[in-house]
Amino acid sequence: MRHAHTVAQVRAAEEASPDLASGVLMQRAARGLAHAVIDLLGGAYGRRVVLLVGSGDNGGDALYAGAYLARRGALVDAWLLSERAHPGGLAALRAAGGRTVASAARADVVVDGIVGIGGRPGLRREAVAACRALGVRVGADEHARPLVVSVDLPSGLDADTGRVEGSHVMADLTVTFGTEKVAHLVDPAAAACGTVHLVDIGLDLPAAAVEALQQADVATLLPVPEGADHKYTRGVVGVRAGSATYPGAARLCVAGAASGLVGMVRFRAVDGDEDTARRVVAARPEVVTNAGRVQAWVVGSGGGDRAADALAEAVGDGVPVVVDADALAAVDGPLAVPAVLTPHAGELAQLLGMERAEVEADQLSAVRRAADRFGAVVLLKGRRTLVAEPAGRVRVNTTGTPWLATAGAGDVLAGLIGSLLAAGLDPFDAASVGCWLHGAAATAASAGGPLTASAVADALSAAVRRVLPTP
Ligand SMILES: NC(=O)C1=CN([C@@H]2O[C@H](COP(=O)(O)OP(=O)(O)OC[C@H]3O[C@@H](n4cnc5c(N)ncnc54)[C@H](O)[C@@H]3O)[C@@H](O)[C@H]2O)[C@@H](O)CC1
Ligand SMILES: [K+]
């Protein structure tokens with residue numbers, strides 16, 4: 001599991017550490033940073049390193065790391081952006097042969113130690129000018145540039161929210177200490193971090209504010225059949241998706257549900273259309289279309305106005321339900337059953353009565369608010385999909401590829417989450433595991449190229465197999 005903590009949590013853990021006052025924490029941070037730079041460059045000797053140094057301990061990390069690199073033969077210049085700089089770090093850099101400069105134009109790597117968790121969002125004018133002089137990307141600028149390593153977090157980002165306000169550095173690599181911060185996982189801030197490398201400095205931390213599943217967590221959570229299981233004990237998922245007008249949604253949602261994680265899939269079109277049901281069975285003979293018990297429902301897309309009735313019927317069954325696409329428009333408060341709502345930013349904006357751009361700018365707070373208001377697990381789809389539960393836990397999904405932004409991918413996801421609910425996972429786990437597998441299947445199916453929703457569905461079983469221990 002990846003964990004992200006807030007600035008307040010990190011500060012408290014640092015203060016409780018016996019290694020803070022002696023400076024040992026900072027030495028560990030700086031050494032980890034220097035090693036990450038050496039790994040990135042493939043060595044230190046003869047490399048041109050420019051440190052952008054602010055007034056606080058973030059600049060101190062950069063200076064001590066610079067001293068380490070200078071001792072290994074790098075040519076290290078520190079561009080001090082403030083009248084103050086960490087005195088110990090500065091002395092160490094000078095003793096190691098590093099220089100202070102008031103300008104620089106060329107570097108193999110720029111180490112961004114302007115500001116870390118002590119900073120206010122946005123960059124000051126002199127920091128923006130220094131970045132521009134070196135070709136460091138600030139926000140959306142794009143031109144030839146050196147590698148950029150940010151210390152703790154790209155300067156100018158807000159550590160705790162995932163929001164982006166004002167200018168900020170765009171990093172290739174962010175080296176962080178003790179734990180990840182919310183900005184490393186949550187978009188749009190996470191998109192500015194590049195690869196995130198965590199250096200353990202020995203902090204003792206409380207429960208994380210935000211977490212991200214990794215493959216080993218998914219393996220532990222996956223429902224796996226045992227010897228005595230039969231199709232009914234493994235769970236039955238009911239799918240209400242598609243209609244005479246939109247038969248494709250039915251096929252895709254069923255394909256997501258029928259990836260083999262439950263004992264059976266039952267299907268009924270949102271509008272009850274028999275022809276849609278016949279087409280679904282023609283494509284997937286294992287799907288059952290008669291009425292019967294299910295352990296979870298998916299009410300999804302392609303039903304237009306009829307989705308509200310389908311949702312009411314599903315809720316009447318008293319089992320957990322995945323509410324997707326057209327069915328989301330029928331939600332105006334908490335449902336009577338455990339639920340997973342799966343909106344994209346536009347749908348979440350509708351649910352909360354806000355603008356889409358506001359949701360996109362502050363995804364974490366929007367998804368938390370929706371989970372609270374609807375008393376349900378809410379999954380906000382995006383590059384970094386967020387899953388929030390009303391109790392406050394949030395997971396970020398880190399699998400997937402930009403090629404996954406394609407029609408029908410959401411139908412597959414809804415079906416998959418429904419199958420995990422029917423197999424017995426709670427809504428928070430079902431949503432976050434479903435999302436992880438969906439992204440992993442997409443990345444494998446895409447192999448760096450174009451992708452269709454059908455191909456994602458076809459790749460699900462193999463994605464599950466890769467997660468399971470080899471028999
Ligand atoms: N305390 C410790 O032992 C450790 C601290 N660490 C480092 O210390 C950092 C936190 O250090 P600080 O608390 O000194 O804070 P920072 O160095 O993050 O920033 C605070 C300083 O930057 C100035 N500042 C605030 N907003 C700014 C802006 N937008 N533009 C330019 N300057 C701005 C402030 O006036 C203040 O002097 C962490 O991010 C991490 O890099 C690590 O070395 C781990 C151990
Ligand atoms: K920084």
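Just so it is clear, the values below take in all heavy atoms, side chains as well, and ignore hydrogens, waters and symmetry mates. Note that ligands are numbered from 1 as they come in the structure, with each ligand's atoms numbered from 1 the same way. The chain is numbered in sequence order, starting from 1. All figures in this text were calculated on a predicted structure; none of them were measured in a lab.
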**Asked** With a 4.0 Å cut-off on heavy atoms, does I117 reach ligand 1?
**Response** yes

Q.
In the structure I gave you, are the side-chain heavy atoms of R94 and R99 within less than 4.5 Å of one another anywhere?
A. no

Looking at Y68, does the NZ or CZ of R72 lie under 6.0 angstrom from its six-membered ring centre and within 45 degrees of the ring axis? yes

Check your understanding: Counting backbone and side-chain atoms alike, does V115 have an N/O/S atom under 3.4 Å from the K ion (ligand 2)?
Key -> yes

CZ (R383) and CG (L404) are apart, to the nearest 0.5 Å, by 13.0 Å

Determine whether D411 and S301 satisfy the following criterion, side-chain hydrogen bond (donor to acceptor under 3.5 Å, both in side chains), listing intermediate values before the conclusion. CA-CA 7 Å; D411 298 328; S301 69; 2.5 Å; yes

Side chain or backbone, does P121 bring an N or O within less than 3.5 Å of an N or O on ligand 1?
no

G116 N/O/S atom closer than 3.4 Å to the K ion (ligand 2): no

Can you tell me if V151 has an N, O or S atom under 3.4 Å away from the K ion (ligand 2)?
-> yes

Original post:
Looking only at distance, does G122 have an N or O less than 3.5 Å from an N or O of ligand 1?
Top reply: yes

CD of E180 to NE2 of H3, rounded to nearest 0.5 Å, is 10.0 Å

Distance check below 3.4 Å: does S150 bring an N, O or S atom to the K ion (ligand 2)?
no

- Message: When you compare the side chain of V7 with that of K181, does any pair of heavy atoms fall below 4.5 Å?
- Response: no

Nearest heavy atom to atom 12 (P) of ligand 1, choosing from T176, D152, D61, D57, belongs to D57

In terms of heavy-atom contacts, A30 and D61 come closest through CB-O, 3.7 Å

A student checking ligand 1 against G116 at a 4.0 Å heavy-atom cut-off should list atoms 16 (P), 18 (O), 39 (O)

### Query
Would you say R84 touches ligand 1, if touching means a heavy atom closer than 4.0 Å?
yes

Of all heavy-atom pairs linking L352 and A366, the shortest is CD1-O, 3.5 Å

The K ion (ligand 2) -> D112, closest N, O or S atom is O

Angle subtended at the K ion (ligand 2) by N58 OD1 and L153 O, to the nearest 10 degrees, is 140°

Per-atom filter on ligand 1: closer than 4.0 angstrom to a heavy atom of R11 are 10 (C), 13 (O)

Check whether the side chains of D217 and T220 place a donor and an acceptor atom closer than 3.5 Å, and report yes or no.
-> no

Minimal heavy-atom distance between L351 and V331, with the atoms involved, is CD2-O, 3.8 Å

Heavy-atom proximity to atom 17 (O) of ligand 1 ranks first, among V151, L203, N58, L20, for N58

Quick note on ligand 1: atoms under 4.0 Å from a heavy atom of M26 include exactly 43 (O)

